[in-house]
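The structure appears right after this line, and notes come after that.
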Amino acid sequence: MDGLAEALERVRERIDRACARAGRNPSEITLLAVTKVFPASTIHAAWEAGLREFGENYVQEFENKASEVRYLEGARFHLIGHLQSNKSRRAAELFDVIQTVDSAKLARRLNDAGRKLDVIVEVKLSGEESKTGASEAELPAILDAIRGAGNLNLKGLMTVPEWSEDAEVSRPAFAKLRAVAEQHGVSGLSMGMTNDFEVAIEEGATMIRIGTALFGRRKHA
Ligand SMILES: *Cc1c(COP(=O)(O)O)cnc(C)c1O
């Protein structure tokens with residue numbers, strides 16, 4: 001637990017320094033604690049340390065933890081892994097925020113689930129590889145579907161650049177996400193992970209998704 005408190009302190013110091021460089025206020029940045037692979041007890045410890053926003057990658061994995069953490073006051077759970085439409089109904093029950101909406105069809109399915117949800121559209125900017133996320137060309141139709149959906153509240157765009165040890169490699173994708181969001185009148189930028197969150201903050205991130213820097217290295221994934 002102490003390890004976590006110290007890790008959180010270090011992350012907050014890094015956020016503060018990045019904000020100082022960028023002339024931003026740290027209160028503009030939401031820290032999402034990514035707890036995938038870790039047990040429900042890790043979410044409890046993180047909540048005790050003051051964290052309230054949690055990210056999970058897999059519907060099924062979170063299904064097994066949900067009953068142990070849902071009652072934590074003020075806690076909100078974000079799905080940050082790819083969502084197949086056949087799991088959308090279950091996801092809408094389990095999560096408060098879906099960050100990986102990548103098609104108009106998925107948006108409609110989530111809306112049909114009947115629960116109020118915050119949603120973020122995942123945008124694919126690196127091109128190559130088989131990364132998930134919507135292309136820029138698909139974005140207008142997805143945003144229209146969300147804006148027309150009574151149960152969905154659009155909260156921004158998110159992206160996951162190709163992983164690199166060098167945070168600067170992510171900068172163009174972050175700058176691009178910001179430009180695309182501005183172009184489409186969307187505010188809220190979920191970008192930046194342990195390896196590149198300072199660069200993401202410099203490029204305008206409003207939410208950073210941090211696992212390793214808080215909880216240590218995961219055994220897999
Ligand atoms: C795992 C994951 C994170 C957290 O990554 P770390 O490098 O451990 O901070 C953030 N976002 C997504 C989409 C992830 O899958």
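Note that ligands are numbered from 1 as they come in the structure, with each ligand's atoms numbered from 1 the same way. Since the structure is predicted, the reported quantities are computational estimates derived from the model, not experimental observations.
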Ion pair check, Arg21 and Glu202, cut-off under 4.0 Å: yes

Note: ligand 1 atoms sitting under 4.0 Å from heavy atoms of Ile80 are 11 (N), 12 (C), 13 (C), 14 (C)

Under 3.5 Å: N/O of Trp163 near N/O of ligand 1: no

Would Thr35 and Glu56 count as having a side-chain donor-acceptor pair, cut-off 3.5 Å? yes

Is Asn195 in polar range of ligand 1, meaning some N or O pair under 3.5 Å apart? no

Please confirm whether Gly211 comes within less than 3.5 Å of ligand 1 when only nitrogen or oxygen atoms on both sides are compared. yes

Could you check, using the six-membered ring where one of them is a Trp, whether Phe54 and Phe77 have ring centers closer than 6.0 angstrom? yes

Please confirm whether Gln99 comes under 4.0 Å of ligand 1, counting heavy atoms of the residue only. no

Around atom 11 (N) of ligand 1, find the nearest protein heavy atom and jot down its residue, atom name and distance. Arg209 NE, 2.9 Å

Is it the case that more than 12 heavy atoms not belonging to Glu165 sit under 6.0 Å from its CD atom? no

When you check the gap from the basic side-chain N to the acidic O, do Glu93 and Arg115 get nearer than 4.0 Å? no

For atom 8 (O) of ligand 1, what is the nearest protein heavy atom, given as residue, atom name and distance? Thr212 OG1, 2.6 Å

Glu203 pairs by side-chain hydrogen bond (donor to acceptor under 3.5 Å, both in side chains) with which of Arg171, Arg178, Lys176? Arg171

Nearest neighbour in protein (non-hydrogen) for atom 2 (C) of ligand 1: Lys36 NZ, 2.5 Å

From Thr194, Leu79, Val160 - option closest to atom 6 (P) of ligand 1 by heavy atom: Thr194

Numbering the atoms of ligand 1 from 1, which are under 4.0 Å from a heavy atom of Asn57? 14 (C), 15 (O)

Give the residue and atom name of whichever protein heavy atom lies nearest to atom 5 (O) of ligand 1, and the separation in Å to one decimal. Met193 CE, 3.6 Å

Distance-only polar pair, side chains of Glu53 and His78, donor-acceptor under 3.5 Å: yes

Under 4.5 Å between side-chain heavy atoms, counting indirect links through other Ile/Leu/Val/Met/Phe/Trp/Tyr residues: same cluster for Leu32 and Phe62 or not? no

Give the atom numbers and elements of ligand 1 that come within less than 4.0 Å of a heavy atom of Ile210. 9 (O)

